[in-house]
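To keep things clear, I will list the structure first and then write my remarks on it.
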2 protein chains.
Amino acid sequence: MTDQTPPVTGAKPLRADARRNRARLLEVAEEVFTERGTGASTEEIARHANVGIATVFRHFPTKEALLEAVLVRRLERLAEEGLRLAAEIGPTGALFAFFDLVVDQSPVKNAFAAALAGAGVDVRAATSEAGRAMGEVLTELLDGAQRAGVVRRDLEVPELTAILVGTCRMMEHLDGHPEAAKRARAVVRDGLKACP
Amino acid sequence: MTDQTPPVTGAKPLRADARRNRARLLEVAEEVFTERGTGASTEEIARHANVGIATVFRHFPTKEALLEAVLVRRLERLAEEGLRLAAEIGPTGALFAFFDLVVDQSPVKNAFAAALAGAGVDVRAATSEAGRAMGEVLTELLDGAQRAGVVRRDLEVPELTAILVGTCRMMEHLDGHPEAAKRARAVVRDGLKACP
DNA sequence: TCGGAAACGGAGTCGCCTATCCGATTATAG
DNA sequence: CTATAATCGGATAGGCGACTCCGTTTCCGA
């Protein structure tokens, strides 16, 4: 009766330390993968998290699974941010605000690009849930902006995603040149606008 | 007296078969790296070229050296194409023609992106010569287009390079969607134009 | 044609990285 | 506080990929 394990999720409640370690692992893995690339070794991540290698593989049966978990977390947070922007700013500016948010992330942490392009096609199947949420948010932002007349009408979600990722990639190549980065961003931004 | 070894290049003339193998290796390596990514194994390249592994390492002391040689070749050919376009088309359309040339390369062979982004920062020092040639061509194309008034005046070579690479990356994410790819390309293309 | 140097091929070495095993440690229920 | 089961951590197995060694083959000048 007092048993309130949600039957929907087959997950059992983790012990306190296990939950802590899992969270720290996700945190650290995100940092390390972002800075050192997806080729970073599992041991390095374990060291940075003050954890044995076995602990990593206990929580994530495979390195790819860890990569996927990190990616999903990123997508979820971005989707959340997108919804928040849509609610606070309104359709006229929300899409561009989201664009800036994604693109201007601190130069080193080009997460969206690293995640999507690094893990890339491999985990596309498993990220379908988070990816779908992201897709819905983008749909909403894009639709609102188009209704408001601030974004060209011939534009759909798939290319919008690609444009976000590609623009992040651009920024990687302009790390030490803030002026050039600003101009590159402006080029894409203006290209998104309605301007026949 | 009859000795006409060019003192500028310390290279000795290779034997015929060696020259043939070297050429085939570069050809095959370009294909394999482009299709399988820069993580492709040296042995795979050797197999595809009908050559022993040792032969690869005899011609290129390191895998990175091979990668670099492939990249330099690509840059040289692109620079050549750029010059040809500038001469044939004239300043009004040459930059956009070059843009299309780079971006629309057969969907699988996203070479410019694979090369620059894959090898990326690592070999930047060694590719300085080919990179400089490329930079000069881009300068010429950009300058001509700006003088003709078809490209926004606040745009310099560094961000133009990044935009080219980033746009190629976009295309990778839109492989199976030619319509979306076309629209994404149009966004960036329009962003480059002068349109205040 | 023939001799020697240049180039070749592939088996073998070495190091790194993913993933597992098992004895030690720690959280939690009663 | 104690029992016990979940969790931990480091040593280790197993595999893969870059690079080397050396006997064999191929080119090329005389």
Side-chain angles (χ1 to χ4, degrees), chain A residues 1-5 9-29 32-33 35-71 118-119 122-123 126, chain B residues 1-5 9-29 32-33 35-71 118-119 122-123 126:
Chain A
M1 309 304 182
T2 54
D3 181 343
Q4 38 179 334
T5 50
T9 74
K12 320 108 193 182
L14 285 170
R15 232 169 64 175
D17 54 345
R19 202 162 40 242
R20 226 177 326 157
N21 280 338
R22 191 177 199 282
R24 182 161 29 188
L25 270 175
L26 279 173
E27 204 76 38
V28 167
V32 174
F33 281 143
E35 288 175 12
R36 297 276 210 272
T38 60
S41 77
T42 315
E43 193 191 345
E44 190 174 348
I45 292 172
R47 240 199 344 267
H48 275 75
N50 283 95
V51 153
I53 313 160
T55 299
V56 182
F57 285 98
R58 194 171 306 112
H59 286 289
F60 307 96
T62 258
K63 185 188 177 180
E64 195 183 347
L66 173 58
L67 216 47
E68 182 187 309
V70 170
L71 170 58
D122 307 323
V123 294
Chain B
M1 310 300 188
T2 55
D3 182 342
Q4 38 179 333
T5 49
T9 73
K12 321 110 194 180
L14 286 169
R15 231 168 67 176
D17 53 347
R19 203 163 38 243
R20 225 175 326 139
N21 280 338
R22 192 177 199 282
R24 182 161 28 186
L25 270 175
L26 278 173
E27 204 76 37
V28 167
V32 174
F33 280 143
E35 288 174 14
R36 296 276 210 271
T38 60
S41 76
T42 314
E43 194 191 344
E44 190 173 348
I45 291 173
R47 241 199 343 267
H48 275 73
N50 282 96
V51 152
I53 313 160
T55 298
V56 181
F57 285 98
R58 194 171 304 113
H59 285 289
F60 307 95
T62 259
K63 184 187 177 181
E64 196 183 345
L66 173 57
L67 216 46
E68 183 186 310
V70 170
L71 170 58
D122 307 322
V123 293

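Letters A, B, ... are given to chains in the order of the sequence lines, protein chains preceding strands, and every chain is numbered from 1. Computed from heavy atoms alone, side chains included, the values below leave out hydrogens, waters and symmetry copies.
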Distance in angstrom units between [X] [atom1] and [N] [atom2], rounded:
{"X": "B/Arg20", "N": "D/dT26", "atom1": "CZ", "atom2": "P", "answer": "12 Å"}
{"X": "A/Leu67", "N": "C/dA19", "atom1": "CG", "atom2": "P", "answer": "11 Å"}
{"X": "A/Arg22", "N": "D/dC8", "atom1": "CZ", "atom2": "C1'", "answer": "16 Å"}
{"X": "B/Phe57", "N": "D/dT20", "atom1": "CZ", "atom2": "P", "answer": "8 Å"}
{"X": "A/Arg24", "N": "D/dC8", "atom1": "CZ", "atom2": "C1'", "answer": "12 Å"}
{"X": "A/Arg58", "N": "C/dC22", "atom1": "CZ", "atom2": "P", "answer": "14 Å"}

Single hit among A/Val70, A/Thr55, A/Leu66 for side chain to side chain contact (heavy atoms under 4.5 Å, CB included) with A/Phe60: A/Leu66

Result for 5'-nearest mapping on DNA chain C, choosing between B/Leu14 and A/Arg19, is B/Leu14

Contacts to DNA chain D from residues 42-54 of chain B, heavy-atom cutoff under 4.0 Å, which residues? B/Thr42, B/Ala54

All heavy atoms of A/Leu14 vs all of A/Arg19, minimum pair found to be O-NH1, 3.0 Å

Verdict with supporting geometry, B/Glu68 and B/Leu71, side-chain contact (heavy atoms from CB on, under 4.5 Å): CA-CA 5 Å; B/Glu68 183 186 310; B/Leu71 170 58; 5.6 Å; no

Heavy atoms from C-beta onward define the side chain here; which of C/dG9, D/dT7, D/dA18 lies closest to that of B/Lys63? D/dA18

Tell me which pairs pass side chain to side chain donor-acceptor pair (under 3.5 Å) where either residue lies in residues 40-54 of chain A, with sequence neighbours left out. A/Arg36-A/Glu44

Spatial distance of atom NZ (B/Lys63) from atom CD1 (B/Ile45) [nearest 0.5 Å]: 7.0 Å

For [N], does either OP1 or OP2 sit under 4.0 Å from a side-chain N or O belonging to [X]?
{"X": "A/His59", "N": "D/dC8", "value": "yes"}
{"X": "A/Arg15", "N": "D/dA5", "value": "no"}
{"X": "B/Asn21", "N": "C/dA7", "value": "no"}
{"X": "A/Thr62", "N": "C/dT18", "value": "no"}

Residue whose closest nucleotide on DNA chain D lies nearer the 5' end, B/Gly39 versus B/Asp17: B/Gly39

